[in-house]
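Notes follow once the structure below has been shown.
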Amino acid sequence: MDDTNSLIEQRRAKLASLRERGIDPFRNKFTPSESCLEARENYSEGREVQLAGRITAHRDMGKSLFVDIRDQSGRMQVYAQKNALGEEPFEIFKHLDLADFLGVKGTMFTTKTGEISVKAESFVILAKSLRPPPAKWHGLEDTEIRYRQRYLDLISNPEVKEVFLKRSAILREMRGFLEHRGYTEVETPMMQAIPGGAAARPFKTHHNALGCDFYLRIALELPLKRLLVGGLDRVFEIGRNFRNEGLSRRHNPEFTMLEAYQAYGDYESMMELVQGLVCHLAESVLDTLVIEHKDTEGNVVRTIDLNPPWRRVTYKNLVRETAGADWFELTPAQRREKASALGAEIGEAYEDFEVTQAVFEKLIEPTLINPTFVTHAPKQLIPLAKLSPDDPDCVEVFECCINGQEIAPGYTEQNDPIEQRERLEHQAGGEQQKLDEDFLIALEHGMPPAGGIGIGVDRLCMMLLGQESIRDVVLFPQLRPKT
RNA sequence: GGGUUGGUAGCUCAAUGGUAGAGCAGCGGCCUUUUAAGCCGUUGGUUGCGAGUUCGAGCCUCGCCCAACCCA
């Protein structure tokens with residue numbers, strides 16, 4: 001990237017030439033009277049405007065020329081005439097490059113072909129671009145450049161910009177929805193002495209002044225529950241989690257979670273919350289409850305119908321649908337054999353519940369395209385939830401699956417400190433995982449019964465925005481640093 | 001970690017083991033309502049990096065780097 005080529009040399013020469021004429025093409029300030037879109041919407045012949053934007057096209061007619069400038073709102077055509085600007089300014093205008101930032105003052109008019117345009121009376125070069133832009137109309141295809149230099153992607157591919165503007169809208173509506181329901185947004189530490197709330201490998205860092213190691217958080221859960229103890233009855237946090245694991249189409253080492261906790265709620269109230277939230281997001285941002293995913297040719301490959309009410313089915317019943325009504329009556333050895341026969345890969349060391357979970361993850365979850373609340377998971381899977389009164393093997397939880405992925409787990413949260421300690425100690429097992437004693441002490445002070453949810457915001461955005469890779473909903477996805 | 005595919009001009013892509021090309025962009029010229037403007041001319045390459053085979057390698061072989069996809 002520190003390379004050079006003739007195109008860059010030419011632009012540097014133009015910069016030098018401007019400086020020789022006493023022009024500084026990097027201005028401190030220029031105040032547009034309005035955006036390009038506002039100018040277009042408030043068009044009247046002869047109205048004077050002052051606009052700014054990046055030059056995205058250049059059509060030279062000899063003694064006059066057109067350029068397109070673009071700001072975030074849209075595009076505006078600028079018309080420059082030699083006898084309107086004067087000989088030397090016109091010569092300078094003529095040598096502007098694609099991607100330069102231009103400020104222009106002029107009057108609005110409509111061309112013969114009916115396009116609203118600005119006839120330039122004067123102009124200012126706001127920022128000279130010293131490198132050529134990637135493409136005029138092809139767009140930028142190279143995934144490596146798109147991800148490493150996202151700004152070029154955003155300039156070249158309007159649909160990419162649209163995705164990220166919608167992601168921003170999703171986050172905004174998410175906050176609005178929760179605040180409207182009485183939830184308070186909080187911020188809790190990303191650096192934790194003991195990373196808890198999930199089973200994942202953490203990133204480690206070191207604090208010099210304190211002389212100790214910290215871990216980047218792998219979940220938001222435990223600090224938020226402390227706030228329930230502290231009397232904040234409805235809290236949520238939207239923040240980054242960090243997991244030191246593999247990268248894939250669905251995994252980025254840092255990813256965004258929403259977690260929300262409601263005192264006096266349970267897993268059922270949280271199902272209502274998830275359903276209401278996701279429907280609100282789809283309606284307010286996309287204006288529809290039916291999401292279509294398309295391939296690169298534009299063919300619809302998948303349709304997700306978010307219309308409520310969403311299906312609710314217990315984990316066991318769902319497993320029986322795929323693995324046989326007698327699945328839970330088989331012996332563990334029979335289950336292992338049948339799971340392999342069905343096509344799930346079963347590790348040597350898998351415990352019995354993991355065999356069933358492998359069937360769920362490999363054979364069932366990918367088929368759950370329309371929203372499905374899978375309730376009552378086996379208790380071994382989830383140590384932070386309350387046991388179900390109906391089935392002591394299960395916990396009062398749901399996993400909301402949409403688009404073949406887990407999007408949102410929700411629990412009736414465990415608030416019995418004795419029970420919680422046993423479950424965590426059992427989970428820690430031989431791994432010598434440290435218990436978060438302060439969390440357990442907090443529970444001993446008393447936590448109200450509560451429901452909680454977590455939503456993987458990136459995966460939610462993938463589902464809502466029709467993107468097949470997490471890298472296409474994260475502005476700066478993690479790549480190996482280029483040497 | 002394993003497999004597959006790919007990396008050629010600023011961008012998008014070509015090129016039987018035999019002189020590295022096109023379109024666009026760029027540069028120069030003509031053109032005062034164009035819009036993928038048009039017309040004429042023209043510059044631009046360490047073919048990801050490094051070895052090897054060969055009279056000759058973008059192409060074949062080996063190693064490495066980066067990316068995408070699939071698998072673990």
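If you're wondering where the values come from, they're calculated on a predicted model, not measured in any experiment. Throughout, a chain's letter reflects where its sequence line sits, starting with A, and its residues are numbered from 1.
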Sort out the partner of [N] for me: Watson-Crick or G-U wobble, both distances under 3.5 Å, none otherwise.
N      : result
B:rU34 : none
B:rU61 : B:rA51
B:rA68 : B:rU4
B:rG10 : B:rC24

Does the side chain of [X] get closer than 4.0 angstrom to OP1 or OP2 of [N] through an N or O atom?
X        : N      : value
A:Arg59  : B:rA37 : yes
A:His95  : B:rG28 : yes
A:Lys14  : B:rC27 : yes
A:Arg471 : B:rA68 : yes
A:Arg148 : B:rA67 : yes

Indicate, with a heavy-atom threshold strictly under 4.0 Å, whether [X] touches base, sugar-phosphate, or nothing.
X        : result
A:Glu345 : sugar-phosphate
A:Glu141 : sugar-phosphate
A:Tyr147 : sugar-phosphate
A:Asp68  : nothing

Q.
Set out, in order, the CA-CA distance, both residues' side-chain angles and the distance that settles side chain to side chain donor-acceptor pair (under 3.5 Å) for A:Ser33 and A:Gln50, then state yes or no.
A. CA-CA 5 Å; A:Ser33 60; A:Gln50 187 154 296; over 6 Å; no

Q | Sidechain N-carboxylate O distance under 4.0 Å for A:Arg47, A:Glu34 | A |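 Salt bridge between A:Arg47 and A:Glu34, a charged N being under 4.0 Å from a carboxylate O: yes.
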
Q) Would the A:Tyr79 and A:Phe66 ring centres measure less than 6.0 Å apart? A)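 Centroid distance A:Tyr79-A:Phe66: below 6.0 Å, so yes.
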
Q | Length of the line joining A:Lys82:NZ and B:rC31:P, which is rounded to integer Å | A |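 Atom NZ in A:Lys82 sits about 9 Å away from atom P in B:rC31.
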
